[in-house]
Amino acid sequence: MPILSLAWKSLLNRRFTVMLTVFSIALSVALLLGVERLRDQTRASFANTISGTDLIVGARGGAVQLLLYSVFRMGDASNNLSWESYQAIARHPKVAWTVPMSLGDSHRGYRVLGTNGDYFEHYRYARKQALSFAQGTPFSDLYDAVLGAEVASALGYRLGDPIVLAHGASDVAFARHDDKPFRVVGILARTGTPVDRTVHVSLQGIEAIHVGWESGAPARGLSPSAERARTMDLTPEAITAILVGLKSRIATFQVQRYVNDYRAEPLTAILPGATLSQLWSLIGIAENALLIVSTFVVVVGLFGMLTAVLTSLNERRREMAILRSVGARPGHVFALVMGESGVLTLFGVALGFTLLHVLLFVAQPILENQFGISIAIGAPSLYEISLLGIICASGILIGAIPAYRAYKLSLADGLSVRV
Amino acid sequence: MSPAAKHTPGDRPAIIDIQALSYRWNDNGPIVLGIDTLQVAAGEQLFIEGPSGSGKSTLLSLLAGVTSPQKGAIRVLEQRLDRLGSVERDHFRADHIGYVFQMFNLIPYLSMLENVTLPCRFSRQRRDRAIGRSGSPAQEALRLLGHLDMAHDELLERPVANLSVGQQQRVAAARALMGSPELLIADEPTSALDTDRREAFVRLLFDECRESGSTLVFVSHDRSLQNLFHRTIRLADINTALQAQRQAG
């Protein structure tokens with residue numbers, strides 16, 4: 001190991017440029033690992049948004065669109081499905097449970113979901129985790145509302161606070177249902193899913209605020225008072241989507257076919273898992289692009305090291321000649337330069353890894369609160385370890401280029417230095 | 001004993017013996033160094049006067065085993081260097097030859113002691129000799145530096161780049177003598193020194209060579225020093241390649 005200790009001392013002697021090189025490798029490694037970790041976690045939290053639901057039923061349309069509006073609260077349904085269809089599906093002998101969903105209203109940018117008590121009982125996320133209440137209870141009164149964790153924390157709501165829903169996604173004065181305010185009766189525990197960003201009310205509540213709004217805006221004098229609405233028949237005529245749980249998963253395709261072939265109106269039933277992965281393959285393109293870019297950043301970092309070591313060689317021909325004079329073989333010179341690249345790479349990778357974890361430690365609460373992305377700081381995965389291994393191996397291999405050049409130079413120079 | 005050894009002065013065994021040697025940079029190039037015969041006896045202090053262009057660096061490279069001649073025989077310590085492979089020649093140099101350059105002898109990122117003990121990293125034989133003499137390579141380095149008046153704590157701690165040129169050359173001499181190599185080659189070691197310092201340096205070198213039993217081959221273009229040596233050779237006179245050029249010219 002005498003050569004490695006020489007390499008080490010030589011690096012210490014050039015510590016400023018060496019630190020710059022190590023730092024650029026470290027940054028590129030941190031970026032690559034960070035992107036990879038983010039990718040992994042978003043993919044996981046993406047797949048965690050819904051579980052335990054066997055089918056999602058909506059009006060005939062694209063599968064991805066149905067998934068987006070029913071689960072991710074993104075975009076809008078192009079059509080509704082009738083209450084009769086809902087009941088027919090709920091009565092199907094293979095169906096164990098159903099959750100009706102009615103979307104279309106909002107509260108200060110957060111979507112409002114009209115549903116019933118079955119939602120709190122059957123909705124599952126992550127590994128079949130049920131929703132739980134941080135405070136309060138499910139809605140029982142017509143004008144009760146249950147808030148997702150983020151809605152409550154971002155808007156500062158507490159139990160008992162009144163909230164006013166707005167018609168459609170935009171919260172403008174003339175479209176507010178301000179004649180029928182709701183009251184917060186429950187706040188859900190954080191899930192890391194779109195549920196956190198949802199205001200939940202009963203289907204009847206949705207009906208009540210829309211009596212007289214059939215044209216899309218309040219018809220003057222036709223909207224009954226909040227109390228009068230209670231006396232009306234508030235069975236909805238149509239809903240947006242249904243979550244369906246089956247008695248046995250074996251029946252999935254049978255029920256899906258039943259829905260898709262439903263005579264009375266055109267419907268679509270999707271398998272959430274399959275559609276999630278279909279959606280992911282769309283998003284995955286962007287994710288892959290990000291990964292490719294950060295891979296290239298690592299390549300650039302290693303090339304920076306290559307340049308730094310190569311340019312140092314000419315200044316060090318004298319050093320090589322001295323080493324040769326005391327008996328070093330050209331092979332030793334090769335090992336010296338290669339050892340330096342190896343040390344640079346290893347330190348760069350180690351520093352990058354540390355840097356990323358320090359950053360994650362700082363950024364974790366911010367990411368969680370602002371973007372709902374929860375990133376676990378844990379031991380590196382096997383994939384990450386193999387990534388780091390590949391970077392180390394590439395760095396050491398790239399080191400063979402200047403090492404070979406130093407080898408040739410020291411063969412040609414011998415004990416004299418012609419510069 | 002080889003027949004050539006008989007020609008060496010004082011009938012001591014030859015440490016260097018060159019016969020009918022010729023060297024060219026490449027197979028089609030002209031001969032840059034041709035020597036019919038050259039012997040150096042063990043313990044001798046030889047001055048080779050070699051201005052630039054006389055084939056000086058080529059001769060030194062051949063003696064140090066960095067290059068090998070296309071023709072002829074070069075023996076150092078009875079070993080046919082021209083028959084050794086390059087790796088064996090590197091080993092041979094590590095074990096048996098100390099080398100002092102004209103200047104910039106020291107590796108800037110190593111301390112003075114590390115510089116002096118450097119040969120022990122590449123040669124077990126020299127390491128063992130150093131240990132045999134002083135107990136450890138570092139002790140031997142201190143002993144040699146002491147002889148050269150360099151073993152002061154203040155100097156030892158200084159980065160070697162901050163030493164004066166004369167001090168650097170003395171450290172280089174200590175390194176070349178580390179582990180008592182049989183042959184010490186000095187390539188214009190005094191040309192960077194002040195004139196009045198040159199003779200003192202050469203005398204120091206003589207003393208140390210005598211003590212460790214090393215043979216000294218000293219190359220310089222500075223004739224003022226030649227009277228201090230046992231013998232002087234003008235490279236221009238023995239290099240047949242140069243003579244051929246002169247005749248052609």
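Just so we're on the same page: letters track the sequence lines, and every chain starts at 1.
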Point to revise | Residues, nucleotides or ligands: over 12 heavy atoms within 6.0 Å of Arg129(B) CZ | key: yes

Exercise for review: Report the C-alpha distance between Arg121(B) and Ser5(A) in whole Å, list the side-chain angles of each, state the deciding distance to 0.1 Å, and finish with yes or no for side chain to side chain contact (heavy atoms under 4.5 Å, CB included).
Suggested key: CA-CA 11 Å; Arg121(B) 289 181 193 243; Ser5(A) 87; 2.8 Å; yes

Check your understanding: Do Leu106(B) and Ile322(A) come within less than 4.5 Å of each other through their side chains, counting heavy atoms only?
Key -> no

Exercise for review: Indicate whether the side chain of Arg93(B) and that of Ser325(A) have a donor and an acceptor atom separated by less than 3.5 Å.
Suggested key: no

Review point. Got a sec: does the CZ of Phe23(A) have more than 12 other heavy atoms crowding it under 6.0 Å?
Key: no

Check your understanding: Quick one: does Leu6(A)'s side chain get under 4.5 Å of Leu118(B)'s, heavy atoms only?
Key -> yes

Point to revise | Verdict with reasoning, Arg324(A) to Tyr99(B), per side chain to side chain contact (heavy atoms under 4.5 Å, CB included) | key: CA-CA 10 Å; Arg324(A) 291 274 276 141; Tyr99(B) 202 101; over 6 Å; no

Check your understanding: Counting only heavy atoms not in Phe46(A), do more than 12 sit closer than 6.0 Å to its CZ atom?
Key -> yes

**Study point:** Other residues, nucleotides, ligands: >12 heavy atoms within 6.0 Å of Leu282(A) CG
**Key:** yes

**Study point:** Residue Arg43(A) excluded, over 12 heavy atoms near CZ under 6.0 Å
**Key:** yes

Review point. With a 4.5 Å limit on heavy-atom distance, are the side chains of Tyr109(B) and Glu319(A) in contact?
Key: yes

Exercise for review: Give the intermediate values and the outcome of side chain to side chain contact (heavy atoms under 4.5 Å, CB included) for residues Phe101(B) and Arg318(A).
Suggested key: CA-CA 10 Å; Phe101(B) 292 99; Arg318(A) 162 68 50 184; 3.9 Å; yes

Check your understanding: Near Arg80(B) CZ, under 6.0 Å, is it more than 12 heavy atoms from other residues, nucleotides or ligands?
Key -> yes

Review point. For Tyr407(A), does the OH atom have more than 12 heavy-atom neighbours from other residues, nucleotides or ligands under 6.0 Å away?
Key: no

Study note, to complete from the structure: Answer key: most heavy-atom pairs under 4.5 Å with chain B among Lys9(A), His332(A), Arg316(A) is Lys9(A)

Exercise for review: Pick one of side chain, backbone, both or neither for Glu114(B), based on which atoms fall under 4.5 Å of a heavy atom in chain A.
Suggested key: side chain

Check your understanding: Should Pro330(A) and Asp90(B) count as side-chain neighbours, where that means a heavy-atom distance under 4.5 Å?
Key -> yes

Practice item. Kindly give the heavy-atom pair with the smallest separation between Ala94(B) and Gly327(A), and that separation in Å. Key: CB-CA, 3.5 Å

